[in-house]
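Working notes, structure below.
A note on names: the letters A, B, ... follow the listed sequences, proteins ahead of strands, and every chain is numbered from 1.
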Amino acid sequence: MKMLKAVLQPLVAQALSDLGGDASNLSSMLQASREWDQGDITLPCFPFAKMLGKAPAAIAEDLAKALSSHEAIGEVHAVNGYLNIKAAPAWLATNLLNPSNSHNAEIRTVLIEHTSANPNGPFHVGRARNAILGDTLVRLHRLHGNHVTAEYYVDDMGKQVAVLAWALQHLDATRVEELLSEREPINPAWDGKADHERVRWYQAAQILRQEAEGAQEIEDAISTLVHASENGDVDVLNSFEAAYQPVLDGMLTTLGRLGIHFNRFTKESEFVTNGDVSRLMDELGQLKINGIADNGANFLDLGARGLKGKTEFFYRRGDGSSLYATRDIAYHLWKWKQCNDLINVLGEDHKLQAKQVGMTLNELGERSPEVVFYSFIKLPEGKMSTRQGNVVFMDDLLEEAQAQAAAVVKELRPNYDAETIQTISEAVGTSAVRFNIIKVSPEKGFTFRWEDALTFEGGSAPFVMYSHTRACSIARKVEELSGDVPSFTPQHLQSETVMNEGMIGLLRCLAVHQDRLEKAVSEHRPHLFAGHLLQLANAYNGFYRDCHIIDEGVVNPFYFHVSELARTFLREGMEGVGIVPLETM
RNA sequence: GGGCGUGUAGCACAGCUGGAUAAUGCACCGGCCUCCUAAGCCGGAGAUCGCGGGUUCGAAUCCUGCCACGCCCGCCA
């Protein structure tokens, strides 16, 4: 409703100063109405009471009378000290349907790093929250018009890949299955998918590392590998890559099914081998807050910069090698060279680390990135843990979602052929899974429940998808019936003396579409836009109920143009949150 | 022990830069397919906004104390 506010503010300011009030803070006081029924824009009049020596209710009444008329203003009501203003539906329609209202927001170059999971095993639902959140941010920024690079930071040199590489070199399939005999066997559906296969090697190695016998030798061997990788040993790094790349490919296959893709993969080891990390450590050593431990390890005293709790941030070990966070800082310095805005999506367990990295960047005269943190997904039985078998793999969830969706399609549309059912159920299943996760705010601890993920009713992706297919169906029918409908002109509105509830509801919802997108993007809160999409779909359904676009074979051009605008907003919005915009379902 | 976060109807969740009768979905009760796709629409019922204080004309929202849960507090990643 920014467009309405822009028109109203000068008018309200005039009315207010005519009454002797101070209009200087008006912009922040004139707000979108909390109560959707009451109006589009509201001015609470309580703060003026003292200034004007009048009751708020009376001030609201006076303002309502003093407000000059304008084509944008539909209704003005003074209620309990609030001045409520509703936009004129015809004005809304004209503004929405005229393509002239192009918003020219500044285009930013944005680098979004997300997921970056260790390539040692398949995604479970918990780890996938990062990818779904991150990819939705990528999509929403693009919808907003920004240039976005979606980036995966590949941890190709840590202990986890070292363990995987060691296991693949020292164990065979028989030994692995022997060690994992008490665990559930691999789901036969994922035989041949490297993330599911190789994680068993990793798990077997983890078991061996726990055992008393021989554990020390394994530990030494792994440790040697880790150190070699940290020193940029090319052979070791190559062996690591050979170990993890098929796993990563498998993980990316899963994400691809969810419509998640990356523009670039950047390997952690790059910053070691190209010398950035050692140059960085030298630079950090020059800082005032640098400190040196007894064994020669280096740290920054971030307590001196206000960090509470643990104040020493170690960036160099006693043996001179770097730490994960050090490499992350080098990575950030590199990332900053190529964008205006930097966004990272991280689990809540990385909060302290991110704080340390951000403060160090500031110390070097660089900006901190924006970080979107999310809480972990739990299962009703408790924490997700691979070791206890308390885990839901994304691959399994997607299979199940698709199967459930297929069952629904078969029941609802018995005449559809197998291929159509497959297409629809795949789209419905994956969209439902994404939306189920994206619609809740990231900081909320999320409990995964099969019945919620597989709900295809109100509040879900299929609900939005269904409204969109209705709009598509109408567009197809209109096309068959009358070919091209002439583009919108204000004359189309002249027969609309009174607009019905469904039409007004949809116009109002369309009017806030851009505002909602902008807010979700600027605050990095995709769930706000997900909520708006549900509202938009709901508003479209009300419009569909009240406004028959085709009546006795005749197309109402005004209704049709509104429907088409809603269809466009729905489609773009769905793509923005990763819902597949099917045209039939 | 310290830091950060969460706590809203039976369940899940929105609202948190202070504003009205706390929004939505599921589940529950009742209605709507001779009419553009009923994965829909309409109506009903259901909330001491964790608990106690405080600031304010006004608090789910801000401050403070307490309680519960989660995450973190490695020269790991």
side-chain N/O [X] vs [N] OP1/OP2, d < 4.0 Å:
| X | N | value |
| --- | --- | --- |
| S441(A) | rA14(B) | yes |
| R327(A) | rA77(B) | yes |
| K444(A) | rG7(B) | yes |
| N295(A) | rC75(B) | no |
| Y544(A) | rA38(B) | yes |
| H527(A) | rG15(B) | yes |
| K50(A) | rC57(B) | yes |
| R449(A) | rC26(B) | no |
| K477(A) | rC35(B) | no |

Base, sugar-phosphate, or nothing: which does [X] touch, judged by heavy atoms less than 4.0 Å apart?
| X | result |
| --- | --- |
| C547(A) | base |
| T584(A) | base |
| Q356(A) | nothing |
| G531(A) | nothing |
| L323(A) | sugar-phosphate |
| Q353(A) | base |

Nucleotide nearest [X] when distance is taken to its side chain, options [options]:
| X | options | answer |
| --- | --- | --- |
| R317(A) | rG15(B), rC36(B), rC75(B) | rC75(B) |
| E348(A) | rC36(B), rA77(B), rC71(B) | rC71(B) |
| S473(A) | rG40(B), rC36(B), rC75(B) | rC36(B) |
| N538(A) | rA39(B), rC41(B), rC35(B) | rC41(B) |
| V440(A) | rC57(B), rC13(B), rA20(B) | rC13(B) |
| R545(A) | rA20(B), rC41(B), rC75(B) | rC41(B) |

Exercise for the section: If rC71(B) has a Watson-Crick or G-U wobble mate with both distances under 3.5 Å, name it; if not, just say none. Expected result: rG3(B)

Exercise for the section: Based on the glycosidic angle (syn within 90° of 0, else anti), state the conformation of rC33(B). Expected result: syn

Handout entry: R327(A) versus S269(A), side-chain donor and acceptor atoms under 3.5 Å
Key =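 No, R327(A) and S269(A) have no side-chain donor paired with an acceptor closer than 3.5 Å.
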
Handout entry: Distance-only donor-acceptor test, T42(A) side-chain atoms vs rA20(B) base atoms, 3.5 Å
Key = yes

Handout entry: Donor-acceptor under 3.5 Å (R567(A) side chain, A475(A) main chain)
Key = no

Handout entry: Validation row: W166(A), I218(A) side chains within 4.5 angstrom (heavy atoms)
Key = yes

Problem - Test item: R129(A) and F376(A) side chains (from C-beta on) under 4.5 Å apart, heavy atoms - result: no

Completion exercise
CG (D156(A)) and CZ (F240(A)) are apart, to the nearest 0.5 Å, by 8.5 Å

Handout entry: 5' priority, RNA chain B, between L534(A) and L528(A) [closest heavy atom]
Key =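 This one resolves to L528(A).
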
Handout entry: Protein-nucleotide distance (K351(A), atom NZ; rU6(B), atom P), rounded to Å
Key = 7 Å

Exercise for the section: Measure the distance from CZ on F448(A) to P on rG70(B) and round it to the nearest whole Å. Expected result: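 The answer, rounded to whole Å, is 21 Å.
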
Practice task
Could you tell me how the ring of F529(A) sits relative to the ring of H532(A): parallel (under 30°), tilted (30 to 60°) or perpendicular (over 60°)?
Solution key: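 Ring orientation of F529(A) relative to H532(A): tilted.
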
